[in-house]
2 protein chains.
Amino acid sequence: MMELTRKGEYAIRGIVYLAGKQTDKVCLLSDIAEAVNVPPTFLAKIFQQFSKIGLVKSYRGTGGGFMLGRPPEQITLLEVVEAVEGPILPNRCVAAPTDCERSCDCNVHPVWQRVQSEVRQVLGGVSLKDLAICK
Amino acid sequence: MMELTRKGEYAIRGIVYLAGKQTDKVCLLSDIAEAVNVPPTFLAKIFQQFSKIGLVKSYRGTGGGFMLGRPPEQITLLEVVEAVEGPILPNRCVAAPTDCERSCDCNVHPVWQRVQSEVRQVLGGVSLKDLAICK
DNA sequence: CCCTAAAAGGATATAAACAGTCTTTTTGGT
DNA sequence: ACCAAAAAGACTGTTTATATCCTTTTAGGG
Ligand code: SF4
Ligand code: SF4
């Protein structure tokens, strides 16, 4: 359980690759896709999402491409993952306790909150700078 | 992401209910299902899985039903969850590093291992005794 | 021995999510 | 004007989730 989807895995690979490049250099989507071994059309969708929320900057037309939206040390793995996979939610009741009428006296509920917190802490503690291969 | 499925949620509800009963009393599936608000046919499938690995004991025929396979303090939430949802695997490479040819010099890989470890620790630290409503 | 209660097992149905492709549009550079 | 590249949206095939039947097996009680 708790498996990252392909999309999530691809997203990380792609943006980590970007983080390994000079901050001011734009990269072609096709180059990134090839480098990280991801279907280009799929990676395009992912980077569109990134672009919308500013995680990456995109440039169209000739000489266009992508670069990081912020310095790599200011982007956490948590942000990247949540951008494409949605929030870390071990159980629906963590997001909306009112959904489950049992939540008031449920002893399991706090466990899921704790799981969420731990996972967020691990992922939030890692930046793209830590992850880029050539630091 | 990382969401528990209905099956997992139902499984926990069902077995936690059992844990709240006397250890030597068998409970009808239909009663459990009604008490925890789960479709009986679905819960049946779940308890069949539990039964196979000994998490619960089942008795057929008149006067049959289910009871815990072990004392509630000896069953962890981790066991219950993994029984129905499979192992905690934030990413496939955690189970099979050889699947990904990048795993040798991938800085993300150890992060997923850490996530797995943290989650397992949280879930493994909670027993059914802790979870049962009337202790 | 038969009847009934109850779980086990297997087959099926529906819907949602995942994984990816294709086509068209917009934008920027030359 | 033309070309290069990303954006946007529609579309498809596959797999997983969420169940619901139906039949079979097992056990107890009269
Ligand atoms: S029963 Fe408890 S753990 Fe399950 S959804 Fe409700 S509050 Fe959450
Ligand atoms: S690239 Fe790294 S994190 Fe992704 S699957 Fe391979 S080893 Fe795991």
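Just so you know, these numbers come straight off a predicted model, no measurement behind them. Chain A is the first sequence line, chain B the second, and so forth, proteins listed ahead of strands; every chain is numbered from 1.
- Within the structure, salt bridge (Lys or Arg N to Asp or Glu O under 4.0 Å) pairs that include any residue of residues 74-86 of chain A comprise A/R70-A/E79, A/E82-A/R120 (at least two apart or interchain).
- At least one side-chain heavy atom of A/V84 sits less than 4.5 Å from a side-chain heavy atom of A/F50.
- For the contact set between residues 56-72 of chain B and DNA chain D, defined by any heavy atom under 4.0 Å, the members are B/R60, B/G61, B/T62.
- In this structure, CE on B/M2 lies 8.0 Å from CD1 on B/I88, to the nearest 0.5 angstrom.
- In this structure, A/E9 contributes its side chain and B/N91 its backbone to no donor-acceptor pair below 3.5 Å.
- Residues B/K7 and B/F42 form a side-chain contact, since some pair of their non-hydrogen atoms from C-beta on lies under 4.5 Å apart.
- With A/S103 contributing its side chain and A/P97 its backbone, the two residues share a donor-acceptor pair below 3.5 Å.
- With rounding to whole Å, A/I32 atom CD1 is found 13 Å from D/dA5 atom P.
- One atom, CD of B/E3, and another, P of D/dT16, lie 18 Å apart when rounded to the nearest Å.
- Within a 6.0 Å radius of CD in A/E34, other residues, nucleotides and ligands contribute 12 heavy atoms or fewer.
- The distance from atom CD of B/Q48 to atom P of D/dT24 is 16 Å, rounded to the nearest whole Å.
- Distance B/F47 CZ to C/dA8 P: 10 Å, rounded to the nearest Å.
- With a 6.0 Å radius and a threshold of 12 heavy atoms from other residues, nucleotides or ligands, B/E101 has its CD atom above the threshold.
- Side-chain contact check for B/M1 versus A/L4: some heavy-atom pair is nearer than 4.5 Å.
- A/K52 places its NZ atom 10 Å from the P atom of D/dA7, with the value rounded to the nearest Å.
- Between C/dA7 and B/S51, no contact under 4.0 Å exists linking OP1 or OP2 to a side-chain N or O.
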What pairs of nitrogen or oxygen atoms, one from the protein and one from nucleotides 11-19 of chain C, lie under 3.5 Å apart?
residue, atom, partner, partner atom, Å
C/dA19, OP2, A/R6, N, 3.2

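- Two residues, A/T41 and B/L28, neighbour DNA chain C, and the one matched to the more 5' nucleotide by heavy-atom proximity is B/L28.
- Atom pair B/Q49:CD and C/dG9:P shows a separation of 11 Å (rounding to whole Å applied).
- In this entry the distance linking CG of A/L18 with P of D/dA6 reads 11 Å, nearest Å.
- Between B/N37 atom CG and D/dA19 atom P the separation is 11 Å, expressed in whole Å.
- Both B/L29 and A/P39 lie near DNA chain C, and the one whose nearest nucleotide falls closer to the 5' end is B/L29.
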